[in-house]
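Reading through the structure tokens given below for one structure.
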Amino acid sequence: MTLDGDLTDQNIASAESEDYALSGEAGGEEIVGSADPFFVSKKAAAVFKHKLLKTYFPKFAGKTASTEADRRLAYVDTHAGRGSYEDGTSGSPLLVAQDVAGMQQLRRIDCYFIEARKSNYDHLHQILENAMPEGAVWSARHGKASDYIEDAVSFAGDAPLFMFIDPYGLGPTFDEVAGVLNRPRRGYGSKTEVLLNFIAMAFGRAGAYIRSPAPTRQQVTTLGHLDEVLGGGWWREVYLSADSVAAAVKEIAEGYAERIRANTGCGWTLVPVKDRAHKQPVYWLLHFTRHQDGIWEIREAAAQAAAAWRVHCNPPPQSDDNDLFPQEDPFPAEEAARQAGWIDAIERNARDLLSSRGRISLPTDAEALFGPATFGQAWKKHLRGALARLHQEGILAPRPLSQGLEKYQGHLVQP
Ligand SMILES: C[S@@+](CC[C@H](N)C(=O)[O-])C[C@H]1O[C@@H](n2cnc3c(N)ncnc32)[C@H](O)[C@@H]1O
């Protein structure tokens, strides 16, 4: 493969400088002195996306390839990064390489990675050489995502495809994302999913350029790019009429997701990711799937990721052995109270649904049962706990079991 000679670190850095300026923090990960500051240490926000990927992707691999004759599927990482962080923690490529190895007896996970920055690409390649098991099929490309997305889709062929799009800034165009989701595939079902990192600050700041009385040439270019990424200029009106930048970004993310749905028929789930320092999300993870199980599992994975994120943000207090009164860790009790509150909230929603409709049908009712307070926070365990209370009370039958809960059909039992 001939590499684009212009893709030196310096050139990429300058092409990206606008993205950096937009995202302020690269996807919620602080910029501090390093060749690529993103990879110095794993900040809370990255803990979230990696836990989500680590939880969800094996489910996708397990389910989608189970009915493929060759048990093959493809993973594509369009903005792969260095593979691992300087503090040794795994980036998305290394996490997936572990899945390739761990599932090798059951699934053939072929991988395709794209990384534009040469120094990151070199590191990535080395990491993959070491981490990929013998016999694994993988390819790493040095270049821009847009130049390789089509090739990545050909690489997947007719296999199920999961694409992770994780840029610093605005990312691929609307047509590119829709094109992936609409790829033709021989075989049963579409089996094509995209997980997209929608960087809040990048969209928030770029959007602010429309208010500028005399935008610079660079800003005009960025605005044009934003139109391409979002699939038209519709977002400008949304931005100008919103009460705050955060509200605008949320509405734009939802508008984008809806437009992709209209174009592809994919359902979507939007997961807000905050970090300690920000009250508003620093990025949104946006997942597209055509399968009901995908919607169920991504919510479960988001809840697991949120739990991992809380643990990361609440390390136990440091006390040394000579402390007369070691500090107690308040986190476990807080967490238990939080989770108990979720079960109460879901129980209220379930009670309302049961009395108004006379039945509960999962997964179509899952979103209503979780409600905005616990959606993406609580998981299956809490849902089952809440439904079990109604069953014990004698108003819901049959008994909800953990196994197959996503298919549960319950009805009101009249006293
Ligand atoms: C947020 S980091 C990726 C992190 C990685 N996915 C992970 O989870 O470990 C974004 C990466 O995209 C690279 N990049 C920036 N613009 C790109 C482009 N147009 N195409 C491909 N990669 C790009 C950057 O050099 C950086 O390594």
Side-chain angles (χ1 to χ4, degrees), residues 3-4 6-31 34-54 56-57 75-99 111-125 127-128 131 139-152 162-173 176-177 194-202 225 228-229 273 282-285 305:
L3 297 177
D4 182 344
D6 287 329
L7 286 175
T8 61
D9 270 18
Q10 235 171 7
N11 289 347
I12 284 294
S14 92
E16 274 179 352
S17 64
E18 184 64 10
D19 268 4
Y20 271 112
L22 290 174
S23 49
E25 292 181 357
E29 304 182 32
E30 275 171 24
I31 292 177
S34 158
D36 191 339
F38 181 90
F39 292 97
V40 171
S41 72
K42 188 168 176 166
K43 297 292 173 198
V47 169
F48 192 109
K49 76 179 168 191
H50 288 149
K51 178 68 180 178
L52 185 138
L53 184 66
K54 193 69 193 161
Y56 184 77
F57 179 65
Y75 170 83
V76 175
D77 203 324
T78 60
H79 296 68
R82 292 171 66 80
S84 68
Y85 288 69
E86 282 167 25
D87 67 3
T89 45
S90 308
S92 55
L94 192 47
L95 290 172
V96 169
Q98 289 156 3
D99 293 332
C111 296
Y112 191 104
F113 303 93
I114 310 166
E115 169 54 44
R117 190 184 282 242
K118 181 73 166 74
S119 54
N120 286 353
Y121 169 80
D122 289 342
H123 192 271
L124 169 72
H125 204 276
I127 290 281
L128 291 171
S139 176
R141 303 284 195 228
H142 169 218
K144 293 186 182 164
S146 297
D147 293 339
Y148 285 101
I149 281 182
E150 260 183 52
D151 191 48
F162 183 88
M163 184 177 281
F164 182 35
I165 301 176
D166 185 24
Y168 284 136
L170 301 180
T173 66
E176 283 165 346
V177 175
V194 165
L195 179 65
L196 177 84
N197 189 341
F198 197 93
I199 308 280
M201 226 175 287
H225 184 200
E228 276 184 348
V229 166
V273 185
V282 284
Y283 61 94
W284 297 81
L285 290 172

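We count ligands from 1, going down the list as the structure has it; atoms in each ligand are counted the same way. For reference, positions follow the sequence shown, starting with 1.
- The shortest separation from a heavy atom of G143 to ligand 1 is under 4.0 Å, placing the residue in contact.
- The closest side-chain heavy-atom distance from N197 to K49 is below 4.5 Å.
- Under a 4.0 Å heavy-atom criterion, R82 is not in contact with ligand 1.
- Between D166 and ligand 1, at least one N/O pair is under 3.5 Å apart.
- In this structure, F162 and Y75 have parallel ring planes: the angle between them is below the 30° cut-off, well short of the 60° mark.
- The main-chain N or O of A116 is found under 3.5 Å from a side-chain atom of H142 such that the two form a donor-acceptor pair.
- Comparing heavy-atom distances from atom 11 (C) of ligand 1 across H50, E115, R141 singles out E115 as nearest.
- Only the backbone of A80 comes within 4.0 Å of ligand 1, counting heavy atoms alone; no side-chain atom from C-beta on gets that close.
- Ligand 1 has at least one atom lying under 4.0 Å from a heavy atom of T78.
- Looking at A145 next to ligand 1, an N or O pair under 3.5 Å apart turns up.
- Between R141 and the choices Y121, Y148, Y112, the side-chain hydrogen bond (donor to acceptor under 3.5 Å, both in side chains) rule is met once, by Y112.
- Ligand 1 has a nitrogen or oxygen under 3.5 angstrom from a nitrogen or oxygen of S92.
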